[in-house]
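Here is the structure we will look at, set down as structure tokens.
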Amino acid sequence: SGINAEYGERKNHHIVVTVTQSNSSALILERCCGVFLAPGDSNDPDNYMLLDMPLEMEMGSSSTGPLYVIKGVWDPVSQPCHWLTGGGTRSVTLAVDVVASGVLDPIRFERKTQFKIYPESERFFLSSRYLSQQSYTVRLKLNSEDKHRRFSLESITEKPMTSSPGRLKSLFAGFGVGDDYSDEMTESEDEEPLISGSGDGIEEASEETLKTWNTLLDSWTDYCTRPPDLVKLARKGIPNSLRATVWMRLGGLTQADIDDNYNHLYDESRLHECPHEQVIIWDLNRTFPGNEYFKEGNDGQQKLYRVCKSYAGFDQEVGYCQGLSFIVAVLLLHLEEEKAFALFSVIMKEYQFRDMFKKGFQMLQLKFYILERIIEDQMPDLWEHFQEHELNTHMYASQWFLTLFSAKFPLALVYRIVDMFLTEGPDTLFKVAVSLLKLSRNELISQDFEEMLKYFRVALPKRFMNKKQGQKLLSTAASVKIKPGKVAVWEAQFHKLQDEKRSLQDPVRRLEHELKQSIETNHRLEQENDMLVQHLTQNQVNMRHQLDELEKRNLELKRDLTKMTSSYEELLESNTVLNSEIVRTQNLYHSSLVEGDDERARHKLTIQEYHNMCRALEERHEKEKQELNQEVIEIKAQVGGKAIDIPSEQRLRELEMELAKTKLCLVEANCKAQEYEHKCTTLLEKLKHYETGVLNHLKAKLNR
């Protein structure tokens with residue numbers, strides 16, 4: 001029998017017992033007389049508590065024959081019991097009484113096991129199969145006194161457990177709840193597993209590689225269209241210094257997608273109570289304890305808390321589920337807080353990651369089914385070995401898929417897997433999982449159940465601390481072919497099996513379950529609707545305020561426009577006046593130039609005449625002087641040297657005075673000519689300066 005305990009949404013505790021038979025002489029179970037619980041190892045009938053149960057057992061089929069499903073429900077409100085309240089792990093004895101056809105006595109199966117009650121808000125993946133399993137041998141003897149020749153119960157003995165504590169631990173490994181749960185139920189392992197968050201040894205890329213990536217980024221302007229060489233380059237590894245930039249582009253994110261959105265969501269989450277907050281806080285110390293950035297009290301934990309809480313409020317259907325914190329932590333090691341939230345949201349929605357975390361984990365179960373079919377198709381010997389030892393896919397792959405391989409593997413390898421996931425899409429989950437199994441094929445086939453679980457938990461992650469092994473894994477993953485046609489067939493098979501399983505359920509129970517789901521969906525939609533109405537109202541208020549501000553601004557702009565129009569008209573008038581003034585000034589300037597040229601020509605002519613007159617006077621003076629000297633010589637010769645007054649000397653002095661006056665007039669004329677030239681030059685400079693000032697003033701007014 002397999003036992004699975006579930007925690008109900010309405011605070012009811014569910015016990016589900018499945019009964020199968022392994023031999024050909026199968027008993028037909030007619031009904032269940034009761035499901036009982038007792039504390040610890042108690043065998044006292046007074047300590048047993050009878051659980052509520054449906055009138056009929058559900059039936060199904062298994063590989064060994066009929067499968068009977070017995071359900072028991074304990075309501076802590078109507079059936080208060082101190083030893084079944086509160087949290088923590090404790091021991092319990094479960095007893096199930098069944099009536100078999102042809103057997104006089106009821107058959108009681110007793111199972112001593114441990115269980116733990118979790119808060120309603122704490123969501124995590126646990127398979128509903130083989131959580132606790134025990135085999136029994138039932139011996140019957142023919143009752144000769146009974147006229148109907150029925151059997152009497154001779155003995156019931158327990159067989160050695162096919163599911164040891166180590167097996168139970170494997171189902172929880174890697175999640176916070178499992179860490180607490182398994183530590184209380186199992187012995188310590190001889191070999192310690194790799195600490196989560198270790199192995200961050202990243203080598204810097206070569207200059208040639210960086211140059212190649214920079215060239216690709218420069219040409220990658222349209223984020224919606226990826227460069228043709230991107231996949232090939234990403235498989236070789238994105239340089240760590242460029243990883244943040246490339247991841248954001250692979251997510252199709254721009255700064256406009258990030259600004260203010262995250263801060264607004266976090267502020268909203270602080271205003272409303274988050275049902276997942278305590279679980280998020282518990283997970284902070286469980287996420288990457290081997291990485292210094294996420295040690296208690298460090299900045300990484302605070303960012304991890306804020307991003308997880310913001311997303312829980314943003315996506316209320318998924319909320320928060322254990323395993324998400326590992327993916328967020330990987331992003332925070334490369335991106336700023338706001339960018340990490342934006343990219344995480346893209347991974348959850350666009351890469352269909354959130355579908356695995358929806359209530360019931362149906363999409364996760366589908367992925368397990370597809371992975372099992374791929375193993376059967378590509379590695380039939382390994383698949384047969386898993387079937388022989390009852391190693392189900394969820395026992396090793398749940399942690400891989402829900403954390404994107406980030407919980408236990410070295411971070412250097414995790415970064416490369418995220419590179420591949422963002423570049424090539426969700427099929428990366430299958431490719432990497434199949435590659436892990438292919439590389440471990442020889443070791444796994446030689447191991448039994450417990451050894452395989454230990455190998456998955458301890459040896460396999462440590463193997464990839466070696467860089468060459470990590471590169472080999474990624475090369476193998478790149479070569480794995482996942483054919484869409486086969487996947488579609490397997491999906492159809494899975495849904496068909498689910499439909500068949502639902503058809504075997506009691507119709508009333510099925511309808512009650514569907515009704516409950518509808519009520520929960522309706523409640524969730526109502527909550528979302530209330531939040532949307534609240535946001536809409538707030539947005540309307542904000543928009544009204546913004547509209548008032550815009551209208552006020554519009555009036556101010558209209559007034560400014562009126563003023564500017566008036567100023568512009570004034571400037572046009574000023575421009576007209578200035579243009580006419582410029583024309584007048586230019587005309588005056590040209591006329592002044594013409595007059596100046598004429599006056600200068602007249603002065604030149606006058607000066608030339610003075611020069612000519614001076615030369616003529618000098619020549620005449622020299623000639624008269626010579627004549628006078630000649631006359632003096634002749635007179636002296638006539639008078640024999642006798643001194644006499646010569647009237648011609650007076651005339652000579654008069655001529656000299658006249659010559660001096662003429663030279664003085666010439667000098668004055670030259671001075672006046674120079675003064676006039678200076679005045680003309682000054683006037684021209686003033687005219688040019690005035691013209692430049694007018695033009696600059698006009699340009700300044702036009703610019704204003």
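Between Leu404 and Ile417, the closest heavy-atom pair is O-CG2, 4.4 Å. Closest heavy-atom contact between Ser406 and Ile327: OG-N, 4.1 Å. Closest heavy-atom contact between Leu194 and Lys408: CD2-O, 3.3 Å. Residue Leu284 comes nearest to Gln301 through the heavy atom pair O-NE2, 3.4 Å, listed as atom of the first residue, atom of the second, then distance. The shortest non-hydrogen separation linking Leu331 to Ala340 is CD1-O, 3.6 Å. In terms of heavy atoms, Ser241 sits closest to Leu210 at OG-CD2, 3.6 Å.
Contact check for Tyr293 versus Phe288: no side-chain heavy atoms found under the 4.5 Å cut-off. Taking the side chain as every heavy atom from C-beta outward, Lys358 and Met363 never approach each other to under 4.5 Å. When side chains are defined from C-beta on, Asp419 counts as touching Arg243, because their heavy atoms get closer than 4.5 Å. The closest side-chain heavy-atom distance from Glu619 to Glu622 is not below 4.5 Å. Taking the side chain as every heavy atom from C-beta outward, Leu422 and Val346 never approach each other to under 4.5 Å. Taking 4.5 Å as the limit, some side-chain heavy atom of Leu333 sits within range of a side-chain heavy atom of Asn291. For the pair Leu343 and Leu250, the minimum side-chain heavy-atom distance is 4.5 Å or more. In this structure, Asn285 and Phe294 have side chains that are not in contact, with every pair of non-hydrogen atoms separated by 4.5 Å or more.
Side-chain atoms of Thr576 come within 3.5 Å of backbone N or O of Leu572 as a donor-acceptor pair. With Asn554 contributing its side chain and Leu550 its backbone, the two residues share no donor-acceptor pair below 3.5 Å. Checked by atom type and distance alone, the side chain of Ser566 never pairs as donor or acceptor with a backbone atom of Thr562 at under 3.5 Å. Between the side chain of Arg249 and the backbone N or O of Trp220 there is at least one donor-acceptor pair closer than 3.5 Å. Under a 3.5 Å cut-off, the side chain of Asn575 and the backbone N or O of Leu571 do not form any donor-acceptor pair. Within the 3.5 Å criterion, the main-chain N or O of Gly300 finds no donor-acceptor partner in the side chain of Asn298. A donor-acceptor contact shorter than 3.5 Å links the side chain of Ser591 to the backbone of Leu588.
One finds the CE atom of Met657 at 10.5 Å from the CG atom of Leu664 (value rounded to the nearest 0.5 Å). Once rounded to the nearest 0.5 Å, the distance linking CD of Glu337 with CD of Gln302 reads 9.5 Å. Between atom CG of residue Leu473 and atom CG of residue Asn466 there is a gap of 12.0 Å, rounded to the nearest 0.5 Å. To the nearest 0.5 angstrom, Arg286 atom CZ is 9.5 Å from Phe326 atom CZ. Considering CD of Gln471 and OG1 of Thr476, their distance stands at 9.5 Å, rounded to 0.5 Å. To the nearest 0.5 Å, atom CG of residue Leu411 and atom OG of residue Ser196 are 7.5 Å apart.
Between Glu549 and Lys552 there is no salt bridge, since no side-chain nitrogen of the basic residue lies less than 4.0 Å from a carboxylate oxygen of the acidic one. With respect to the salt-bridge test (charged N to carboxylate O, under 4.0 angstrom), the residues Lys232 and Asp229 do not qualify. Using a 4.0 Å cut-off between charged side-chain N and carboxylate O, Glu208 and Lys211 make no salt bridge. Look at Lys431 and Asp427 and you find no salt bridge, because none of the NZ, NE, NH1 or NH2 atoms lies under 4.0 Å from a carboxylate O. Note on Glu317 versus Arg354: salt bridge recorded, some NZ/NE/NH1/NH2 to OD/OE distance being below 4.0 Å.
Side-chain polar atoms of Asp222 and Thr225 form a donor-acceptor pair below 3.5 angstrom.
Within 6.0 Å of atom CD in Glu336, 12 or fewer heavy atoms from other residues, nucleotides or ligands are found, so the atom counts as exposed in its surroundings. Remark: Glu551 CD is packed, more than 12 non-hydrogen atoms of other residues, nucleotides or ligands lying under 6.0 Å away. Summarising the local packing, CD1 of Ile195 is surrounded by 12 or fewer heavy atoms from other residues, nucleotides or ligands at distances under 6.0 Å. More than 12 heavy atoms of other residues, nucleotides or ligands shown are found within 6.0 angstrom of NZ on Lys295.
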> Which is it for Thr209 and Ser206 under the side-chain hydrogen bond (donor to acceptor under 3.5 Å, both in side chains) test, yes or no, and what are the steps along the way?
Replying inline: CA-CA 5 Å; Thr209 302; Ser206 64; 2.9 Å; yes
> Yes or no on side-chain contact (heavy atoms from CB on, under 4.5 Å) for Leu429 and Trp400, after CA distance, side-chain angles and deciding distance?
Replying inline: CA-CA 8 Å; Leu429 295 174; Trp400 294 353; over 6 Å; no
>> Could you walk me through whether Met348 and Phe357 satisfy the side-chain contact (heavy atoms from CB on, under 4.5 Å) test, starting with their C-alpha distance in whole Å, then the side-chain angles of each, then the deciding distance to 0.1 Å, before giving a yes or no?
In response: CA-CA 10 Å; Met348 292 294 285; Phe357 292 89; 4.3 Å; yes
>> Working note: Tyr320 + Tyr311, criterion ring-ring contact (aromatic ring centres under 6.0 Å, His included); need CA distance, chi angles, decisive distance, verdict.
In response: CA-CA 8 Å; Tyr320 175 79; Tyr311 187 81; 9.3 Å; no
> Between Thr287 and Ser325, is a side-chain hydrogen bond (donor to acceptor under 3.5 Å, both in side chains) present by the stated rule, with each step listed?
Replying inline: CA-CA 7 Å; Thr287 305; Ser325 60; 2.8 Å; yes
> Phe353 and Phe344: side-chain contact (heavy atoms from CB on, under 4.5 Å), yes or no, with the steps?
Replying inline: CA-CA 10 Å; Phe353 212 77; Phe344 179 67; over 6 Å; no
>> Set out, in order, the CA-CA distance, both residues' side-chain angles and the distance that settles side-chain hydrogen bond (donor to acceptor under 3.5 Å, both in side chains) for Asp218 and Thr215, then state yes or no.
In response: CA-CA 5 Å; Asp218 291 339; Thr215 303; 5.6 Å; no
>> Checking Ile238 against Tyr415 for the side-chain contact (heavy atoms from CB on, under 4.5 Å) test, could you report, in this order, the C-alpha distance in whole Å, the side-chain angles of both residues, the deciding distance, and whether it holds?
In response: CA-CA 9 Å; Ile238 300 173; Tyr415 299 155; over 6 Å; no
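Of the candidates Arg544, Gln546, His545, Arg544 is the only one forming a side chain to side chain donor-acceptor pair (under 3.5 Å) with Asp548.
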